[in-house]
Amino acid sequence: MADVLAFRDGALPGEPDQGVIEEIERLLEEAKSGDLRAFAYATVRPNSLGSGWAGAAGTRNDVGMAISLLAYRYPQAVMDQE
């Protein structure tokens with residue numbers, strides 16, 4: 001049986017990814033303090049992809065702009081191999 005390797009300091013399949021956990025915890029603290037007013041997300045699970053958003057009243061346009069920024073930044077990062 002072949003060994004399973006993690007690439008780019010990632011977690012092995014089926015194991016928690018510490019970077020994901022730390023980012024969610026950071027966002028949770030910002031939400032609890034009132035600094036984070038809205039967010040959008042994209043998720044990757046073993047057999048599915050997901051997306052969504054949530055926000056306080058009056059944040060709809062701002063979160064929409066943040067989604068647009070991500071739609072620009074992600075392909076750039078892929079092209080730059082970041």
Side-chain angles (χ1 to χ4, degrees):
M1 176 183 244
D3 291 332
V4 177
L5 302 175
F7 292 99
R8 295 188 180 201
D9 299 323
L12 292 172
E15 295 293 323
D17 184 306
Q18 193 60 38
V20 170
I21 294 167
E22 290 171 3
E23 188 66 15
I24 290 171
E25 288 175 342
R26 184 184 67 76
L27 292 171
L28 179 58
E29 288 304 313
E30 289 182 12
K32 287 180 177 181
S33 74
D35 287 339
L36 179 63
R37 305 287 297 151
F39 72 102
Y41 59 89
T43 59
V44 178
R45 292 179 175 85
N47 296 313
S48 67
L49 303 175
S51 62
W53 57 88
T59 61
R60 185 177 192 161
N61 290 340
D62 292 338
V63 80
M65 288 306 300
I67 292 167
S68 295
L69 286 171
L70 181 60
Y72 169 79
R73 287 182 57 213
Y74 183 77
Q76 290 296 313
V78 170
M79 294 299 292
D80 294 339
Q81 297 182 5
E82 291 181 1

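Starting from 1, each residue takes its place in the sequence as its number. In this text, all values refer to a predicted model and were calculated from it rather than measured experimentally.
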Visitor: Among pairs that include at least one residue of residues 49-80, which meet ring pair (Phe, Tyr, Trp, His ring centres under 6.0 Å), considering only residues two or more places apart or in two chains?
Guide: none
Visitor: Can you list, by chain and residue number, the hydrophobic cluster partners of L69 when the side-chain cut-off is 4.5 Å?
Guide: none
Visitor: With sequence neighbours excluded, what pairs up with E22 under the side chain to side chain contact (heavy atoms under 4.5 Å, CB included) test?
Guide: Q18
Visitor: I need the full list of ring pair (Phe, Tyr, Trp, His ring centres under 6.0 Å) pairs touching residues 14-33, with sequence neighbours left out, sorted by first then second residue.
Guide: none
Visitor: Please set out all donor-acceptor pairs under 3.5 angstrom arising from side-chain atoms of residues 60-68, sequence neighbours excluded.
Guide:
{"unit_1": "S68", "atom_1": "OG", "unit_2": "G64", "atom_2": "O", "d": "3.2"}

Visitor: List for me each residue that meets side-chain hydrogen bond (donor to acceptor under 3.5 Å, both in side chains) alongside R26, sequence neighbours excluded, and say none if there are none.
Guide: E23, E30
Visitor: Would you mind writing out the side-chain donor-acceptor pairs for residues 34-50 within the sub-3.5 Å range, not counting sequence neighbours?
Guide:
{"unit_1": "D35", "atom_1": "OD2", "unit_2": "S33", "atom_2": "OG", "d": "3.4"}
{"unit_1": "T43", "atom_1": "OG1", "unit_2": "R45", "atom_2": "NH1", "d": "3.2"}
{"unit_1": "T43", "atom_1": "OG1", "unit_2": "G50", "atom_2": "N", "d": "3.3"}

Visitor: Ring pair (Phe, Tyr, Trp, His ring centres under 6.0 Å): which pairs involve residues 16-38, sequence neighbours left out?
Guide: none
